[in-house]
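All values reported here derive from a predicted model rather than from experimental measurement.
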There are 2 protein chains.
Amino acid sequence: MARQPPTKPRKNASQERSRATVDALVEATARILVRDGFEKASTNRIAEVAGVSVGSLYQYFPSKEALVAAVIDRHNEEIMGIVRAALAEVADLPIDKAVRKLVTVAIDAHRINPKLHRVLAEQIPRTGQLRDVEAYNREIQTLVRAYLESRRKEMRKVDLDVATFICVSAIEAIAHNTVLHGAEMLSEKMVRTLADETTRLVVGYLR
Amino acid sequence: MARQPPTKPRKNASQERSRATVDALVEATARILVRDGFEKASTNRIAEVAGVSVGSLYQYFPSKEALVAAVIDRHNEEIMGIVRAALAEVADLPIDKAVRKLVTVAIDAHRINPKLHRVLAEQIPRTGQLRDVEAYNREIQTLVRAYLESRRKEMRKVDLDVATFICVSAIEAIAHNTVLHGAEMLSEKMVRTLADETTRLVVGYLR
DNA sequence: ATGAAAAGCGAGCGAATGCTCACATTATAT
DNA sequence: ATATAATGTGAGCATTCGCTCGCTTTTCAT
């Protein structure tokens with residue numbers, strides 16, 4: 001049978017061993033990012049830490065960017081899972097209850113892996129493949145907008161797009177800054193206070 | 001006279017020619033950042049674009065980081081100039097008038113050089129020397145807090161630090177996202193709407 | 001058992017980068 | 001005019017990095 005030269009399978013993992021390799025590579029990338037920062041994350045080092053050869057690395061990831069993108073994606077999926085769940089859970093609640101929940105969730109989501117979150121926010125240049133973070137932002141925007149639309153009667157008259165933009169930006173920034181500045185030693189009391197205040201900010205604005 | 005070996009003056013510019021060299025280097029760095037992004041900004045290229053030799057570059061800047069830091073600093077000083085002026089101008093105004101002015105100024109400040117702003121925000125890893133951006137944030141925080149303190153009677157009872165953090169984070173994020181998403185083609189009408197809404201958000205929160 | 005596909009290996013290439021250093025030119029003071 | 005300091009030059013060193021390729025080992029269907 002005339003086969004195409006099997007020199008370049010490139011990419012997909014089918015056997016279990018290779019899936020483990022891929023996992024090890026992504027995990028190693030994340031660990032290096034957290035421990036040593038973006039600059040120290042060379043492909044050679046990632047392969048070494050993963051206990052894998054560089055050659056194997058390039059069987060599954062076409063570039064260093066792809067590796068970092070995989071880490072970002074994994075982290076964003078974790079966050080989005082929580083956010084999607086919260087938004088579903090909140091769909092039938094009145095605005096004040098809903099906003100409180102969403103604010104809390106936003107802060108919690110940013111606290112999942114604060115060190116990684118910090119590195120991703122501060123050290124990763126959003127270039128080439130890495131620019132797709134915006135997609136997640138757009139999804140959140142859409143979901144929140146849909147919720148607000150369903151609760152329009154509780155709100156004053158506002159342009160929904162503008163209101164969504166304002167609310168999401170504000171909540172996101174406060175959650176983000178809270179985690180970045182406070183590092184990990186955030187008293188639960190402080191978190192509660194910030195959640196209360198942010199809720200007040202947003203709810204007061206919407207109606 | 002026994003002098004210290006004049007082999008390593010390093011750094012300070014005293015004659016006019018050298019000050020021009022320093023300027024050219026910073027300007028070239030900024031231009032490369034805007035035109036080609038952070039990755040393409042090598043010291044050799046910066047020197048070339050500045051019409052200066054690499055050697056001269058290293059007489060005034062100990063590293064590539066220092067060069068980028070200088071660009072960031074110049075840009076931040078521009079912004080801080082505007083913000084400081086606005087805060088002074090606003091010191092005797094009531095909260096609603098003051099907030100409106102500050103929100104407008106925040107957006108305008110981010111629009112000074114949107115392309116550079118975007119590169120600095122998206123592509124520059126905040127590492128080593130570059131971490132000092134936080135200092136500007138702290139100054140703004142302090143100035144705003146002082147204003148709010150002087151206007152405490154117009155406000156509800158709040159922890160001033162918390163309120164400052166919330167307001168600054170929100171305003172900054174909205175201004176930032178506005179400029180980043182809308183690029184440069186932002187209708188004046190849209191800007192005004194966003195300023196109005198943000199003002200409402202913040203003023204409603206404070207009292 | 002066997003052969004082919006899948007997975008893994010790692011020395012090392014070519015390119016780029018940050019930076020140095022031995023030297024040349026210009027400015028300043030006497 | 002001359003000496004000294006200030007400023008400027010650029011070829012090239014040392015290093016690192018992303019990545020390739022010829023090869024070996026493992027897995028699996030038959």
Residue list, side-chain contact (heavy atoms from CB on, under 4.5 Å) with B:S150, at least two apart or on another chain: B:Y147

B:F38 CZ to C:dT17 P, straight-line distance once rounded to whole Å: 12 Å

Roughly how many Å is it from CG in B:L57 to P in C:dC21, rounded to a whole number? 16 Å

Is the shortest side-chain N/O distance from B:T21 to OP1 or OP2 of D:dT7 below 4.0 Å? no

Within 45° cone of A:Y58 ring axis and under 6.0 Å: A:K64 NZ or CZ: no

Can you see if the side chain of A:S18 gets near the phosphate of C:dA7 - specifically, an N or O under 4.0 Å from OP1 or OP2? yes

With sequence neighbours excluded, residues passing ring-ring contact (aromatic ring centres under 6.0 Å, His included) with A:H117: A:H75, A:H110, A:H176

A:L67 CG to D:dC17 P, in whole Å, measures 14 Å

Using atom CD of B:E48 as one end and atom P of C:dG18 as the other, report the distance to the nearest whole Å. 13 Å

Got a sec, which residues hit salt bridge (charged side-chain N to carboxylate O under 4.0 Å, His left out) with A:R100, two or more places apart in sequence or on another chain? A:D196

C:dC19, OP1 or OP2 - any side-chain N/O from B:T43 closer than 4.0 Å? no

B:Q59 CD - C:dA22 P separation (whole Å): 15 Å

Tabulate protein N/O versus nucleotide N/O from nucleotides 25-30 of chain D, keeping only pairs under 3.5 Å, one per line.
none

Over how many whole Å does the gap from A:K64 atom NZ to D:dT16 atom C1' extend? 11 Å

To the nearest Å, how far apart are B:K40 NZ and C:dG18 P? 13 Å

Only counting residues at least two apart or in another chain, list the ones meeting side-chain contact (heavy atoms from CB on, under 4.5 Å) with A:T127. A:E65, B:Q123

The criterion is side-chain contact (heavy atoms from CB on, under 4.5 Å); which residues satisfy it with B:R131, sequence neighbours excluded? A:R118, A:E122, B:E134

So that I can tick it off, tell me whether B:R31 and B:E27 are bridged by a salt bridge, with the cut-off set at under 4.0 angstrom between side-chain N and carboxylate O. no

Indicate whether OP1 or OP2 belonging to C:dG8 is found under 4.0 Å from a side-chain N or O atom of A:Y60. yes

Side chain of B:Y58, heavy atoms from C-beta onward: which of C:dC19, D:dC19, C:dG8 has the nearest atom to it? C:dC19

Mind checking what makes side-chain contact (heavy atoms from CB on, under 4.5 Å) contact with A:D36, not counting sequence neighbours? A:I32, A:K40, A:R45

From CD of A:E39 across to C1' of D:dT15 the rounded distance in Å is 15 Å

Would you tabulate the pairs of protein nitrogen or oxygen atoms and nucleotide nitrogen or oxygen atoms of nucleotides 10-14 of chain C closer than 3.5 angstrom?
residue : atom : partner : partner atom : Å
C:dG10  : N7   : A:S53   : OG           : 3.4
C:dG10  : N7   : A:G55   : N            : 3.4
C:dG10  : O6   : A:G55   : N            : 3.3

Quick test of your reading: applying salt bridge (Lys or Arg N to Asp or Glu O under 4.0 Å), list the pairs with at least one residue in residues 75-93 of chain A, sequence neighbours left out, ordered by first then second residue. A:E77-A:R84, A:R84-A:E139, A:E89-A:K101

